[in-house]
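Everything on this sheet refers to the single structure shown next.
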2 protein chains.
Amino acid sequence: MKPLKISEAVVRRLPIYLRFLNELSLSNILTVSSQDLGEKLDLNPAQIRKDLAYFGEFGRKGVGYNVDYLIEKIRQILKLDKMMNVALVGTGNLGRALCNYNMYIKDNMKIVAVFDADQSKKGTLINHLTVRPMQELSASVRELGITVGIITVPAPEAQNVADQFVAAGIRGILNFAPVVLKATPGVRIHHADFTAELLSLAYYMDNIKGSKDGDGDL
Amino acid sequence: MKPLKISEAVVRRLPIYLRFLNELSLSNILTVSSQDLGEKLDLNPAQIRKDLAYFGEFGRKGVGYNVDYLIEKIRQILKLDKMMNVALVGTGNLGRALCNYNMYIKDNMKIVAVFDADQSKKGTLINHLTVRPMQELSASVRELGITVGIITVPAPEAQNVADQFVAAGIRGILNFAPVVLKATPGVRIHHADFTAELLSLAYYMDNIKGSKDGDGDL
DNA sequence: TAGATTGTTAATCGATTAACAATC
DNA sequence: TAGATTGTTAATCGATTAACAATC
């Protein structure tokens with residue numbers, strides 16, 4: 001009934017809604033309007049209503065949205081109902097941080113296996129998880145029902161790891177390495193690219209206050 | 001001559017171009033076409049040409065772009081010429097990882113001061129940096145000429161830290177906490193929101209292969 | 001009933017892509 | 001000269017916002 005193509009921009013806002021709704025729910029707030037949401041999330045209320053309306057009629061005119069009901073609906077849409085098992089490759093600083101982090105992700109994703117190409121790390125413990133060698137990747141993915149892979153290796157190795165994930169049958173990848181990975185049909189790749197985020201931040205920083213054209217170097 | 005407003009989408013692609021150009025330069029490749037770039041970065045060549053053309057005529061017809069020249073130009077555009085000093089607040093797993101990481105960021109940004117609200121962490125060493133108490137934030141920002149702040153505290157504290165950054169005179173913030181921060185005029189805020197990235201990944205994962213409407217739960 | 005707020009259509013705005021003359 | 005590739009205009013596509021009837 002709604003096989004209508006949903007734009008990526010819309011899907012990317014859903015987790016933002018969800019997160020804030022969870023906060024409201026914890027504060028025992030029962031109802032919220034698109035107006036309220038818009039103010040808190042810095043978005044246009046019309047946009048929020050439109051986003052949600054793609055998936056159904058979740059609100060009540062004159063009243064707003066029932067917080068818990070909307071949470072339930074968004075979780076369904078994002079398929080956060082069932083737990084997904086995650087593999088992480090690359091046990092450098094960032095990889096280890098993410099393994100310990102887990103609590104943030106644990107909403108519905110859990111890192112259940114950790115890998116590193118460096119044989120000397122084999123067997124090391126990271127937050128109750130034993131570091132495994134890459135040779136075991138395929139077998140682990142199968143045995144543990146892993147569907148998501150996280151890449152936290154240095155940039156030059158990232159594509160190789162991605163290829164191994166794909167070969168092992170993983171369905172989604174979150175890549176932290178600062179490279180653009182070649183996409184494979186049937187496997188979704190998202191980039192968590194904070195170095196790019198930092199570099200583009202620089203662009204806006206001096207542009208901000210009324211320095212007009214400013215081609216001088218001060 | 002070009003005070004023309006550049007779209008955010010364009011600016012966000014520049015670091016991606018820059019990164020790949022740096023790779024090419026290291027491989028001693030002198031020239032690159034928008035075609036080549038497009039293939040490697042999974043972008044439309046016309047878009048790349050248009051993006052670059054906002055800032056000047058950097059290419060040569062029939063030839064392409066000189067790699068090193070283009071690198072230089074993009075660095076100028078993004079204002080990566082001079083080093084920017086960065087403060088980081090929150091020495092949990094992620095914060096510590098970023099401090100050690102530095103190499104990736106060091107292109108032009110350097111974490112020069114680390115803070116934590118937890119007094120018991122005061123004086124701890126993280127990669128040659130001493131953890132400071134929040135009371136010292138303003139003074140440090142002034143003394144060390146810090147212009148960028150990174151937030152790696154738990155979500156409920158993030159807005160408070162952002163406010164302190166703003167009060168201290170910081171010009172740009174990169175926020176890793178999973179909350180939307182209230183923007184302040186004159187201060188640019190970017191979000192490094194990998195939990196949202198993970199949640200939206202879930203949406204696309206089963207949609208991928210031809211499971212059509214699939215309202216069953218298999 | 002009066003006030004509030006949704007869902008949705010239409011209008012606007014912006015970003016991407018195609019196409020091609022200019023030119024190296 | 002012939003082939004390649006830019007810079008740029010025009011066409012297309014998509015996303016955001018405004019406006020308002022429906023209705024709680």
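Worth saying up front: this structure is predicted, and the values here are computed from it rather than measured. First the proteins, then the strands, lettered A, B, ... as listed; each starts at 1. For the numbers below, each heavy atom of this structure counts, side chains included, while hydrogens, waters and symmetry mates do not.
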Tell me the interatomic distance from [X], atom [atom1], to [N], atom [atom2], rounded to whole angstroms.
| X | N | atom1 | atom2 | result |
| --- | --- | --- | --- | --- |
| A:D42 | D:dT16 | CG | P | 14 Å |
| B:K50 | C:dA18 | NZ | P | 14 Å |
| A:K73 | C:dG7 | NZ | P | 13 Å |
| B:N44 | D:dG14 | CG | P | 14 Å |
| B:Y54 | D:dG7 | OH | P | 14 Å |
| A:E57 | D:dA22 | CD | C1' | 11 Å |
| A:I48 | C:dT6 | CD1 | C1' | 13 Å |
| B:E8 | D:dT16 | CD | P | 12 Å |

Item to check | Pairwise distance CD1(A:I16) to CG(A:L21) - rounded to 0.5 angstrom | outcome: 11.5 Å
Next on the checklist: Just verifying a value: how many Å separate B:R171 CZ and B:T184 OG1, rounded to the nearest 0.5 Å?
Outcome noted: 11.5 Å
Checklist entry - Which part of the nucleic acid, if any, lies within reach of A:R49 when heavy atoms closer than 4.0 Å are counted: base, sugar-phosphate only, or nothing? => result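 A:R49: base contact, heavy atoms under 4.0 Å.
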Checklist entry - Within the structure shown, what part of the strands sits under 4.0 Å from A:Q47 by heavy-atom distance: base, sugar-phosphate, or nothing? => result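 A:Q47: base contact, heavy atoms under 4.0 Å.
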Checklist outcome for this item: Sorted by chain and number, sequence neighbours left out, salt bridge (Lys or Arg N to Asp or Glu O under 4.0 Å) with B:R19 holds for A:D193
Checklist outcome for this item: With sequence neighbours left out, the residues meeting salt bridge (Lys or Arg N to Asp or Glu O under 4.0 Å) with A:E8 are A:R12, A:R188
Contacts of [X] that satisfy side chain to side chain contact (heavy atoms under 4.5 Å, CB included) - sequence neighbours left out:
| X | result |
| --- | --- |
| A:D36 | A:V32, A:S33 |
| A:E23 | A:F20, B:V179 |
| B:A46 | B:N44, B:R49 |

Between side-chain atoms of residues 55-69 of chain B and protein atoms elsewhere (two or more places apart, or another chain), which donor-acceptor pairs fall under 3.5 Å?
{"residue": "B:N66", "atom": "OD1", "partner": "B:D68", "partner atom": "N", "Å": "3.0"}
{"residue": "B:N66", "atom": "OD1", "partner": "B:Y69", "partner atom": "N", "Å": "2.9"}
{"residue": "B:D68", "atom": "OD1", "partner": "B:S25", "partner atom": "OG", "Å": "2.8"}

Checklist entry - For A:D51, what residues pass the side chain to side chain donor-acceptor pair (under 3.5 Å) criterion, not counting sequence neighbours? => result A:R13, A:Y17
Checklist entry - Counting only non-hydrogen atoms, which of residues 61-70 of chain A are less than 4.0 Å from DNA chain D? => result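 Heavy-atom cutoff 4.0 Å gives A:K61, A:G62.
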Let me check something: any side-chain donor-acceptor pairs from residues 151-161 of chain A under 3.5 Å, sequence neighbours excluded? List them with distances.
{"residue": "A:T152", "atom": "OG1", "partner": "A:V89", "partner atom": "O", "Å": "3.1"}
{"residue": "A:T152", "atom": "OG1", "partner": "A:G90", "partner atom": "O", "Å": "2.7"}
{"residue": "A:Q159", "atom": "OE1", "partner": "A:K182", "partner atom": "N", "Å": "2.9"}
{"residue": "A:Q159", "atom": "NE2", "partner": "A:D163", "partner atom": "OD1", "Å": "3.0"}

Checklist entry - Which residues within residues 32-40 of chain B lie with some heavy atom under 4.0 Å of an atom in DNA chain C? => result none
Checklist entry - Taking for each residue the nucleotide of DNA chain D bearing the nearest heavy atom, is the 5' side occupied by B:R60 or by A:V10? => result B:R60
Checklist entry - Can you find a pair of side-chain heavy atoms, one from A:K79 and one from B:M205, that are under 4.5 Å apart? => result no
Checklist entry - Taking C-beta and beyond as the side chain, do A:P15 and A:L78 meet within less than 4.5 Å on heavy atoms? => result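 Yes, close enough: below the 4.5 Å cut-off.
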Checklist entry - Under 4.0 Å: is that the gap between some side-chain N or O of A:S7 and OP1 or OP2 of D:dA15? => result yes
Checklist entry - If a stem is a run of at least 3 consecutive Watson-Crick or G-U pairs, both distances under 3.5 Å, which stems include DNA chain D? => result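 Result, WC/G-U stems under 3.5 Å: C:3-24 with D:3-24.
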